[in-house]
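Down below is the structure, laid out as structure tokens.
Convention: sequence-line order gives letters A, B, ...; per-chain numbering from 1.
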2 protein chains.
Amino acid sequence: MEYYKQHPRFLTAVDCVVFGYEAGELKLLLYPRAFEPVKGEWSLMGGFVRENESAEEAAHRVLCQTTGLDNIFLEQVYTFSNPTRESVERVISITYFALIRIDRYKRNNTDSFGAKWWPINELPPLIFDHNEVVAQSLRRLEQKAGSSLVGSELLPSRFTLLQLRKLYEAIYQRTFDPGNFRKKVLSLGVLEKLDQKNSTESKKGAYYYKVKPNRVEEELERIVKY
Amino acid sequence: MEYYKQHPRFLTAVDCVVFGYEAGELKLLLYPRAFEPVKGEWSLMGGFVRENESAEEAAHRVLCQTTGLDNIFLEQVYTFSNPTRESVERVISITYFALIRIDRYKRNNTDSFGAKWWPINELPPLIFDHNEVVAQSLRRLEQKAGSSLVGSELLPSRFTLLQLRKLYEAIYQRTFDPGNFRKKVLSLGVLEKLDQKNSTESKKGAYYYKVKPNRVEEELERIVKY
DNA sequence: ACAAAAGTGTTTTCTCTACACCCATGA
DNA sequence: TCATGGGTGTAGAGAAAACACTTTTGT
């Protein structure tokens with residue numbers, strides 16, 4: 001028991017890399033840091049872990065405060081522990097990436113923090129090592145999108161295959177053959193065709209799809225080879 | 001500045017999942033816990049993070065103490081932060097997996113801790129959530145082995161393709177076709193054929209290979225499809 | 001009429017897999 | 001000589017990629 005006493009204790013924070021998708025672009029939610037040091041500079045959503053919550057619970061809490069959303073997809077990415085990564089006091093930072101449906105997102109909550117969605121290719125410089133965190137999270141997002149359909153996390157509940165393809169093109173920064181993408185995705189058997197059609201994006205109109213409710217968690221299939 | 005003061009601080013530990021390969025089997029290095037609670041039960045190599053070191057440095061320090069080796073391959077796996085995962089006081093645990101070449105390993109260091117190599121299929125019950133940690137690390141090892149040749153980390157500096165294949169069979173718990181495995185691995189272009197032959201494992205004798213020194217870090221190729 | 005996306009089908013290319021086969025050699 | 005691994009080659013299955021083509025409809 002005594003053994004525990006002699007060791008140091010550290011502040012523990014969570015930082016959330018919040019991805020959203022809007023207007024054909026993958027976006028990141030950033031906000032100006034509210035306190036010193038580097039107050040006012042752009043930063044990831046973050047907060048300290050409290051006495052009786054896990055890091056994951058802390059991340060959910062932070063996201064709920066800043067976006068008004070709960071039940072958000074979260075995945076742990078990496079823990080940064082460099083003793084000098086923050087200047088005032090050592091902070092252990094556990095990072096998560098989150099996928100947000102911007103159509104559900106409550107702007108009012110965010111505005112009070114000054115948060116802003118940034119296109120993934122036009123990010124401002126971030127505080128501390130947050131740029132590295134974002135880069136790692138992007139790689140993880142690509143990995144996740146490659147083995148499970150991230151459409152349900154980033155798109156509205158109904159979406160066309162064009163919308164899904166454009167999302168994948170935004171994530172992977174490349175184009176996909178429309179025909180092949182359609183066949184591949186439908187062959188996974190996790191999408192359900194709806195009766196409604198979307199006529200805003202093409203003359204002919206495209207059927208809406210949604211992710212089947214009773215699908216298994218992991219598809220085990222490759223959507224994008226890498 | 002004041003903002004920092006009000007938040008709690010936690011003990012921070014590293015736990016190392018140490019893989020080795022010997023006698024055709026993938027093995028895990030475990031040791032009997034040296035202090036209460038659950039003193040004497042089997043546990044991962046672990047230790048607390050000190051004031052002026054990063055978690056990665058702490059993991060290297062722990063490994064050096066217990067195995068006598070430095071410059072070991074380490075990769076961060078996951079951070080466990082459940083407030084009740086340890087019974088005495090809350091501990092944030094950052095886990096790493098390590099790959100050890102048992103041929104280099106110094107037995108004397110380890111014996112003083114009572115450490116023991118366990119075949120991966122015959123692990124004893126571990127303390128706390130360490131069994132889960134091991135399971136996750138195994139998945140990560142499979143992933144790593146799938147996209148980079150782990151031979152250099154787990155095998156002696158010279159190895160035959162039979163030895164490499166047996167290693168992969170131990171990791172993936174399946175067999176690989178000898179001819180196909182050879183072609184696939186050689187096609188990656190990261191192995192260099194040596195002049196020496198190994199005659200202990202076959203009548204004909206097989207050439208030794210080593211990993212090319214100037215290879216790029218990531219191979220970007222799939223060795224094992226998954 | 002035309003452009004643009006929807007949707008389907010075909011061809012080519014490539015990789016994985018299974019498996020046949022010869023070689024070398026120690027027991 | 002026979003069993004065992006070393007090492008090479010080939011044929012078939014299946015997936016990915018390239019791309020041709022037809023449909024629909026707003027402008």
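In this structure, L186(B) atom CG and dT15(C) atom P are separated by 16 Å, rounded to whole Å. Residue D177(B) contributes atom CG, which lies 11 Å from atom C1' of dA20(C) at whole-angstrom precision. Straight-line distance from the OH atom of Y172(B) to the P atom of dC16(C): 13 Å, rounded to whole Å. Separating the CG atom of L188(A) from the C1' atom of dA15(D) is a distance of 13 Å, rounded to the nearest angstrom. Going from atom NZ of K184(A) over to atom P of dG14(D) covers 14 Å, rounded to whole Å. One interatomic measurement links the two molecules: CD of Q163(B) to P of dG5(D), which rounds to 13 Å at whole-angstrom precision. Residue F159(B) contributes atom CZ, which lies 14 Å from atom P of dG6(D) at whole-angstrom precision.
Within 3.5 Å, a donor on the side chain of N180(A) pairs with an acceptor on the base of dA18(D), or the reverse. No donor-acceptor contact under 3.5 Å links the side chain of K183(B) to the base of dG7(D).
With respect to R33(B) and E41(B), no salt bridge is recorded, no charged nitrogen being found less than 4.0 Å from a carboxylate O. By the 4.0 Å N-to-carboxylate-O rule, E53(A) lies close enough to R61(A) to be salt-bridged with it. Between K144(B) and E75(B) no salt bridge is recorded (no basic side-chain N to carboxylate O distance below 4.0 Å).
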Do any N or O atoms of the protein come closer than 3.5 Å to N or O atoms of nucleotides 4-7 of chain C, and which pairs are they?
residue, atom, partner, partner atom, Å
dA6(C), N3, K204(A), NZ, 3.3
dG7(C), OP2, R182(A), NH2, 2.8
dG7(C), O5', R182(A), NH2, 3.4

Test log, rule side-chain contact (heavy atoms from CB on, under 4.5 Å), inputs D195(A) and Y208(A): CA-CA 7 Å; D195(A) 288 334; Y208(A) 278 118; over 6 Å; no
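Side-chain atoms of N198(A) and T160(A) include no donor-acceptor pair closer than 3.5 Å.
Residues passing the salt bridge (charged side-chain N to carboxylate O under 4.0 Å, His left out) test with R139(B): none are found, sequence neighbours excluded.
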